[in-house]
2 protein chains.
Amino acid sequence: MNYSRQRELILKIVQSDMSHPTVDSVYQALRKEIPNVSLATVYRNLNLLAESGEIRKIESLDGTAHFDFNTGKHYHFICIHCNKVYDIPCDVAPEVDKKAEELCGGKIISHDISFQGICHECLKLKKN
Amino acid sequence: MNYSRQRELILKIVQSDMSHPTVDSVYQALRKEIPNVSLATVYRNLNLLAESGEIRKIESLDGTAHFDFNTGKHYHFICIHCNKVYDIPCDVAPEVDKKAEELCGGKIISHDISFQGICHECLKLKKN
DNA sequence: CCAAAATCAATAATGATTACTATTATTGTT
DNA sequence: AACAATAATAGTAATCATTATTGATTTTGG
């Protein structure tokens, strides 16, 4: 995996964005620096960075991939109204991987807890 | 909400399929009964059934929705090689929703734990 | 039986992602 | 600095998943 300005900037963009950006968000931000960058480049590098563990890829019910610079232990909260993804600081028992591994017979690499619900913002909107 | 043959069959198909079928799997199975059924019908009804809580919609990193007839408490294991989804019987503390709700300020409806790793089958294949 | 509402099939349209190709950049080595 | 091998890129086409549209058909409640 060689150096490229594109990849470096993509990593920086994700790392400076708390809001779990989608591929498209990263693409829009990157175009401000490299106007003729290709969308395929963004896809390729985000997936590479996720595979190498420098960022994290998050599933979400809206059918689009989100990326998270925070590779430390934490979980996610996805609003079913606005599809935003929030971090939830983790304090759940860390031995769940081991426990689950015993139950499934495969090799477990990681886990994520995704909470679904309605976020603070959307709750406010509903009341108005 | 239960008077169309299509919806009834879709529900039965999911309920009789342990393997967390995708929209397309359900579509293929349904066509054996109703050859000219529309894919849109499958999408609409699977989402309706998931909203009404009769089945469960599962997110997965491969970008396709999976559906699960098992609406009881359990978690999921997704193989990063074959993308199959397995159930993991749940015995994790149920108070995580409450705990997370305090932390995020929104309203939490449910949560899912998805474990990622390499499943038993794929481990075997690797060795050969 | 009739009218309103719900559902349907078929297909078009959209949105996300991947594949492909010719070109350019990076790397380690002379 | 020039070289070849490799990796990455831009641009675009193709693919895959999903949603929207439309007009016909079916169900429901009176």
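All figures in this text were calculated on a predicted structure; none of them were measured in a lab. A note on names: the letters A, B, ... follow the listed sequences, proteins ahead of strands, and every chain is numbered from 1.
Asn70(A) and His20(A) form no side-chain donor-acceptor contact under 3.5 Å, judged by distance and modelled atom types alone.
In this entry the distance linking CZ of Arg31(A) with C1' of dA10(D) reads 12 Å, nearest Å. Rounded to whole Å, the distance from CG on Asp62(B) to C1' on dT15(D) is 15 Å. Put simply, OH on Tyr27(B) is 14 Å from P on dT18(D), counting in whole angstrom units. Straight-line distance from the CZ atom of Arg7(B) to the P atom of dT26(D): 17 Å, rounded to whole Å. At whole-Å resolution of the value, CZ in Arg5(B) and P in dC8(C) are 11 Å apart. For the pair Leu30(A) CG and dG11(D) C1', the interatomic distance rounds to 15 Å; values are reported in whole Å. Atoms CD (Glu33(B)) and C1' (dA9(C)) sit 18 Å apart, rounded to a whole Å. One atom, CG of Leu39(A), and another, P of dT17(C), lie 9 Å apart when rounded to the nearest Å.
Residue Ala40(B) is classed as a base contact, given a heavy-atom separation below 4.0 Å to a base. Residue Tyr43(A) is in base contact, counting any heavy-atom pair closer than 4.0 Å across all strands shown.
For Ser38(B) and dA10(C), a side-chain-to-base donor-acceptor distance below 3.5 Å is present, hydrogens and geometry of angles not being considered.
Neither OP1 nor OP2 of dT7(C) sits under 4.0 Å from any side-chain N or O of Ser4(B). Put simply, Asn47(A) has a side-chain N or O that comes within less than 4.0 Å of OP1 or OP2 on dT18(C). One finds a side-chain N or O of Gln6(A) lying less than 4.0 angstrom from the OP1 or OP2 phosphate oxygen of dA10(D). Taking 4.0 angstrom as the limit, Arg44(B) places none of its side-chain polar atoms (N or O) nearer than this to OP1 or OP2 of dT7(C). In this model, the phosphate group of dT9(D) is not approached by any side-chain N or O of Asn2(A) to a distance below 4.0 Å at OP1 or OP2. The phosphate of dA9(C) (OP1 or OP2) has a side-chain N or O of Thr41(B) nearer than 4.0 angstrom. A sub-4.0 Å separation between OP1 or OP2 of dT7(C) and a side-chain N or O of Asn45(B) is absent.
Counting only distance, with no hydrogens or angles, the side chain of Arg7(A) and the backbone of Leu46(A) share no donor-acceptor pair below 3.5 Å.
In this structure, CD1 on Ile108(B) lies 12.0 Å from NZ on Lys99(B), to the nearest 0.5 angstrom.
Scanning for side-chain contact (heavy atoms from CB on, under 4.5 Å) contacts around Arg44(B) gives Thr41(B), Leu48(B), with sequence neighbours left out.
Salt bridge annotation for Arg56(B)-Asp112(B): present, with a cationic side-chain nitrogen under 4.0 angstrom from a carboxylate oxygen.
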